Amino acid sequence: MQDLASSALAASGSVITLTFPDGNTRTYPQGITGMMVAESISKSLAKAAVALKVNGQMRDLSRVIEEDASISIVKRDEAEAVELIRHDCAHVLAEAVQRLYPGTQVTIGPNIENGFFYDFARNEPFTLEDLPKIEAEMRKIIERGAAFEREVWDRDQAIAYFTGKGEMYKAELIRDLPGTETITIYKQGEWLDLCRGPHMPTTKQVGMAFKLMKVAGAYWRGDSSKAMLTRIYGTAWRTQEELDSYLTQIEEAEKRDHRKLGREMDLFHLQDEAQGSVFWHPKGYKIWLSLEGYIRRRLNDSGYVEVKTPQLMDKKFWEASGHWQKYRDGMFIVPDEIPSLEEGKPIVSNKAFDHLLALKPMNCPAHVQIFKQGIKSYRDLPIRMAEFGCCHRNEPHGALHGLMRVRQFTQDDAHIFCREDQVFEEAKLFLSLFFDCYKDLGFDKIDLKLATRPANRVGTDDQWYRAEKALEDALKQLDLPYTIAPGDGAFYGPKYEFHIRDAIGRSWTCGTFQLDYNLPERLDAHYIGEDGGRHRPVMLHRAILGSLERFIGIMIENYAGKLPLWLAPVQCVVATITSDADSYAHEVYHKLKDAGLRVELDVRNEKINYKVREHSVAKVPVMFVVGKREAEEEKVAIRRLGSQDQQFEELPQAVASLIAECQPPY
RNA sequence: GCUGCUGUAGCUCAGUGGUAGAGCGUACCCUUGGUAAGGGUAAGGCCGCGAGUUCAAUCCUCGCCAGCAGCACCA
C-alpha cells in the first residue's frame with residue numbers, strides 16, 4: 001500500500017484523505033479508485049467488495065474518488081448489496097431477453113420491493129413458458145462474468161446510437177433527461193444499457209439466487225394512452241437460503257388470502273350474477289355486525305350523530321355536486337320510468353333518458369342536504385354527521401378484487417361541518433380516535449400519508465396553504481410519523497390517507513380524512529356566524545375503516561382468519577365426546593347462548609379427534625369439550641385454538657370467564 | 001379498460017379427438033370413540049357460454065363471459 005501510495009504520490013504530487021467507517025483516515029494519491037482502496041486494505045476485501053459508498057452515496061468500485069471523503073466498502077454479503085444484486089440482475093435479464101428474442105426493445109428496469117422488473121417492447125408478449133428459457137440464458141451470462149464498464153456518452157451520440165439500433169424507447173428516455181444530466185452507459189461484454197448505475201464489478205457477482213416470477217402487461221410510462229409493454233418480474237437475493245425463505249414466505253402469505261379463507265370459513269361469496277358485490281354468509285355477517293357495532297359506539301361517544309340517506313337520487317342532484325361531470329363513468333345510472341312488460345318493446349322509452357337517477361357513489365352530498373334543513377348557527381358547529389352509507393361505484397372489471405375492491409360497499413362515513421378555525425382541532429380529534437380504533441383492531445403497521453394539492457384543483461392557493469398547514473400541524477403536534485404524497489390530494493382539498501398492506505404486501509387505502517371547501521359552495525350550505533351574516537362551513541370527509549368490505553378483508557388476512565374472540569363469528573363450540581354427555585352439552589350450550597355468546601353445539605356421531613380437528617381448521621377460538629367425566633363433575637375441558645393442551649374448569653367459572661373474554665375492547 | 005394466463009363434482013385438482021376420474025366434503029349404515037382425519041356404501045358433472053373444423057369436440061380454432069396476476073383507474 002505504502003509503495004502504491006508513495007509512487008503515485010510521487011507521480012502526481014497530490015493526495016486525498018479518505019475517512020473509513022471506524023474513523024481512521026488514510027491518504028491516497030489522486031486518481032485512486034474504490035477497487036484500489038479495497039486492494040490496499042486486503043485481498044479478501046477486494047474480492048468481496050461490490051461497491052463503494054462515498055459520503056453515503058453508492059458508487060462503482062471502478063470509479064475514481066475525486067476528493068477527500070468518508071467512504072465505506074460494501075461487500076456482497078452485506079444487506080445493502082442486495083439492491084445492487086437486483087439491479088444488476090435486471091441488466092442480465094435484459095441482455096438474456098435480447099439474445100433470445102432479437103428485435104425486442106428494452107425500456108426501463110428498476111428495483112422494487114423484494115426484487116426488480118424489466119419492461120420490454122415486443123410484438124408478441126412473453127408468457128410464463130418463456131421464463132425458464134430466459135433464466136437459463138441469464139445463468140450463462142452470469143457464469144461468463146463480464147465486467148460492468150461505465151462510460152459517459154455525449155447526449156446526441158447516445159440518441160443517435162439507440163435510434164440507430166431501433167431502441168426508440170431508450171432514445172426517448174435520453175431525449176427527456178434534463179440537459180444537466182450526465183448520460184452514462186454500462187457495458188457488460190458486448191451488451192450495453194443506458195443506466196445511472198452503480199453496478200457491481202462483474203455479472204458474476206449477481207449469483208444464482210434469483211428467479212423470474214411473473215409476466216404482465218404495463219403501460220409505457222404508466223400511461224394508459226401509451227403502448228402496452230410486456231413486463232417480467234424477478235426476485236434476487238444474496239444467497240439461495242434467502243431466496244428459498246422468500247419463496248416460502250410468499251406461499252405462507254397466499255394461505256392468508258381473504259378470498260380463500262372467506263370460502264373455507266364460510267364467511268361470504270361472490271358470483272358472476274352480481275360481480276363486485278358481496279354475498280355475506282351468516283358467519284361473515286357476524287363479523288360485520290361486531291365491527292359495525294364497535295365503530296357505532298366509538299362514534300356515538302365521540303360526538304357524532306348517525307343518519308341514513310337515499311340510495312337513488314336525481315341526476316340534477318349529482319350535477320349540482322359536480323360528480324355527474326367528473327365521475328359519471330363510475331356511476332350506476334337508472335331511468336326513472338316504469339319498465340315496459342310488453343314483448344318486443346324496449347324496456348324503457350327514449351324519453352327515459354330525460355329523467356335519470358343515479359345510485360349514490362358517495363354520501364357527502366346527501367349529508368349536505370340534511371345540514372341545509374333549517375338554519376344552522378355557528379353555535380351548532382361542529383356537526384359530525386355519520387352514516388354507514390352503502391355506495392355503488394361502477395368500477396372497471398380489471399379493478400375488482402375480492403372484498404378489497406368491490407362495486408357495492410359500505411363506508412363508516414361521516415362529514416364534519418365546521419368553521420375553518422376548527423379544522424385543526426377536528427383533525428387532531430380524528431387522528432386520536434383513528435389510532436385508538438386501530439389499536440383495538442390489531443393494526444400497528446399503518447402508513448400515514450399527507451396528500452397535497454394536485455395540479456387540477458379548485459380553491460385559492462392561500463386556502464390550500466392554510467388547509468395543508470392545518471393538517472400537517474395536527475400530525476406534528478401528535479408526533480405521528482407520516483410521508484407527504486405530493487399532488488395526491490383530492491381536487492377540492494388535501495387529505496390524510498391511511499394505508500394498510502394485505503397478506504401479499506399490496507397496499508390499500510382504508511381510513512381517510514379530507515378537507516373540502518368545494519362542496520359546501522356548490523351545494524350552497526351556510527351557517528349564521530357570530531356577526532349575524534352567512535358563512536360557508538368547511539366540510540371534512542372522514543372514514544376510519546373506509547369500506548367495511550375492504551377492512552374485513554384486510555382484517556381476515558392480518559389475523560390469518562384467527563380473529564380475536566370479540567370478532568370471531570363463532571366464539572365457542574361445545575363438543576361432546578360420547579352421546580352420554582349430550583344433555584349436559586345442551587345445558588352448557590344454552591348457558592353460553594343465553595349470555596349472548598356466539599356458540600355452536602357439536603353432538604355429531606364423530607370422534608373427538610375429528611371434531612377438534614374440524615373446529616381448529618375452522619379457526620374457532622375456544623372449544624368446550626364435554627364427556628362423561630365433565631357431565632358428572634359439572635365441568636368443561638377448555639381447548640383453545642393453537643394450544644395442544646386443555647384446562648378443566650367448573651362450568652359457572654368457565655362460562656363467566658369466557659363471557660368476560662368475549663367483550664369488545666370498547 | 002389493457003396485456004398474459006386460467007375455467008372439469010360443493011372445494012382442491014388429475015385426464016382424454018370416441019359424451020369423465022381422485023381426495024376432501026355431503027347422505028346413509030356400522031362404530032360411543034378422551035383432544036388435529038375410525039370403517040363401509042351411495043349420491044353428485046350441459047367438462048364456463050356460443051359458433052366453427054371433424055364421422056365424432058370437454059380436448060383443436062374463433063368469439064364472448066368470468067376468475068387470477070400485473071398495469072391503468074379508485075370522487
Side-chain angles (χ1 to χ4, degrees), chain A residues 112 117 119 122 124-130 213-233 257 259-260 263-264 266 269-273 275-276 318 321-331 360-365 391 393-402 404-407 409 488 490-493 495 497 504 506 508-509 512 514 516 518-519 541 546-547 550 575-582 603-618 623 625-630 637-646:
Chain A
I112 50 172
F117 66 76
D119 285 348
R122 184 173 178 240
E124 197 175 328
F126 295 108
T127 69
L128 238 34
E129 281 85 70
D130 296 321
M213 304 294 285
K214 52 193 174 193
V215 291
Y219 296 109
W220 169 234
R221 299 203 149 169
D223 183 340
S224 60
S225 68
K226 297 205 161 83
M228 170 127 322
L229 309 172
T230 171
R231 175 174 295 181
I232 298 179
Y233 284 93
D257 190 311
R259 293 164 299 185
K260 189 175 155 66
R263 196 168 39 239
E264 286 171 5
D266 193 19
H269 84 270
L270 296 155
Q271 68 184 52
D272 291 2
E273 290 75 11
Q275 50 171 298
W318 300 108
S321 73
H323 290 92
W324 188 263
Q325 297 82 321
K326 205 168 161 63
Y327 293 110
R328 191 170 62 227
D329 60 347
M331 289 167 79
K360 69 171 163 184
M362 314 198 70
N363 305 301
C364 36
C391 297
R393 292 182 189 175
N394 198 343
E395 301 282 4
H397 288 76
L400 299 176
H401 181 91
M404 305 300 194
R405 191 83 179 269
V406 289
R407 294 172 132 181
F409 58 95
D488 275 358
F491 69 94
Y492 48 72
K495 59 180 175 180
E497 286 176 2
I504 61 168
R506 289 179 288 218
W508 300 92
T509 307
T512 182
Q514 314 180 0
D516 186 354
N518 179 53
L519 204 60
H541 309 246
S547 133
R550 176 180 291 180
T576 50
I577 293 169
T578 72
S579 52
D580 293 341
D582 281 7
V603 290
R604 287 176 306 170
N605 176 16
E606 294 291 350
K607 288 195 172 182
I608 192 60
N609 286 315
Y610 183 90
K611 295 184 184 180
V612 165
R613 179 183 150 78
E614 196 178 88
H615 298 120
S616 300
V617 168
M623 287 180 71
V625 178
V626 296
K628 229 186 228 171
R629 221 155 55 217
E630 288 77 9
I638 304 169
R639 190 192 157 105
R640 282 169 189 278
L641 182 59
S643 145
Q644 297 301 323
D645 43 43
Q646 52 205 301

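The chains referred to below are lettered A, B, ... by the order of the sequence lines, with proteins before strands, and numbering in each begins at 1. This is a predicted model, so every value here is computed, not measured.
- Both tests pass for A:Lys214 against the ring of A:Tyr233: distance under 6.0 Å to the centre and angle within 45° of the axis.
- The closest donor-acceptor contact from the side chain of A:Arg393 to the backbone of A:Pro361 lies under 3.5 Å.
- Looking at every heavy atom in both residues, A:Met362 comes nearest to A:Trp318 through O-CH2, 3.7 Å.
- A gap of 16 Å separates the C1' atoms of B:C49 and B:U6, to the nearest Å.
- A search for side-chain contact (heavy atoms from CB on, under 4.5 Å) contacts involving A:Ile504 returns A:Ala253, A:Glu254, A:Asp502, A:Arg506, not counting sequence neighbours.
- The closest donor-acceptor contact from the side chain of A:Glu614 to the backbone of A:Lys611 lies at 3.5 Å or more, if one exists at all.
- Remark: the separation of the P atoms in B:G7 and B:U16 is 13 Å, to the nearest Å.
- Across the C1' atoms, B:C2 and B:A43 are found 45 Å apart, a figure rounded to whole Å.
- Comparing B:C74 with B:C5, their C1' atoms sit 25 Å apart, to the nearest whole Å.
- Pairing analysis of RNA chain B (Watson-Crick: purine N1 to pyrimidine N3 plus N6-O4 or O6-N4; G-U wobble: N1-O2 and O6-N3; both under 3.5 Å) yields stems of 3 or more pairs at B:1-7 with B:65-71, B:10-13 with B:21-24, B:26-30 with B:38-42, B:48-52 with B:60-64.
- For the P atoms, the distance linking B:C65 with B:A9 amounts to 22 Å, nearest Å.
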Requested in this report: Using a 4.0 Å heavy-atom cut-off, write out nucleotides 32-38 of chain B from 5' to 3' as B (base contacted by protein), S (sugar-phosphate only) or - (no contact).
Outcome: BBBBBBS
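- Across the P atoms, B:C64 and B:C73 are found 25 Å apart, a figure rounded to whole Å.
- Minimum heavy-atom separation, A:Asp329 to A:Lys326: OD1-O, 4.3 Å.
- Comparing B:G21 with B:G44, their C1' atoms are spaced 13 Å from each other, to the whole Å.
- For the pair A:Phe126 and A:Val215, the tightest heavy-atom approach, listed with the atom from each and the gap, is O-CG2, 3.8 Å.
- Formation of a donor-acceptor pair under 3.5 Å by the A:Arg259 side chain with backbone atoms of A:Arg263 is not found in this model.
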Close N/O contacts between protein and nucleotides 12-14 of chain B (under 3.5 Å):
| unit_1 | atom_1 | unit_2 | atom_2 | d |
| --- | --- | --- | --- | --- |
| B:U12 | OP1 | A:Arg263 | NH2 | 3.0 |

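- Of all heavy-atom pairs between A:Tyr219 and A:Lys226, the closest is CD2-O, 3.7 Å.
- When every heavy atom of A:Leu519 is checked against every heavy atom of A:Cys364, the shortest pair comes out as CD2-CB, 3.8 Å.
- At most 12 non-hydrogen atoms from other residues, nucleotides or ligands lie less than 6.0 angstrom from CD of A:Glu124.
- Among residues two or more places apart in sequence or in another chain, the side-chain contact (heavy atoms from CB on, under 4.5 Å) test is passed with A:Asp582 by A:Thr576, A:Ser579, A:Val603.
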Report summary line: Scoring nucleotides 63-75 of chain B by protein non-hydrogen atoms under 4.0 Å (B base, S sugar-phosphate only, - none) yields ---SSSSBBBBBB
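- For the C1' atoms, the distance from B:G52 to B:A69 is 31 Å, rounded to whole Å.
- Pairing each heavy atom of A:Ala581 with each of A:Lys628, the nearest pair is CB-N, 4.4 Å.
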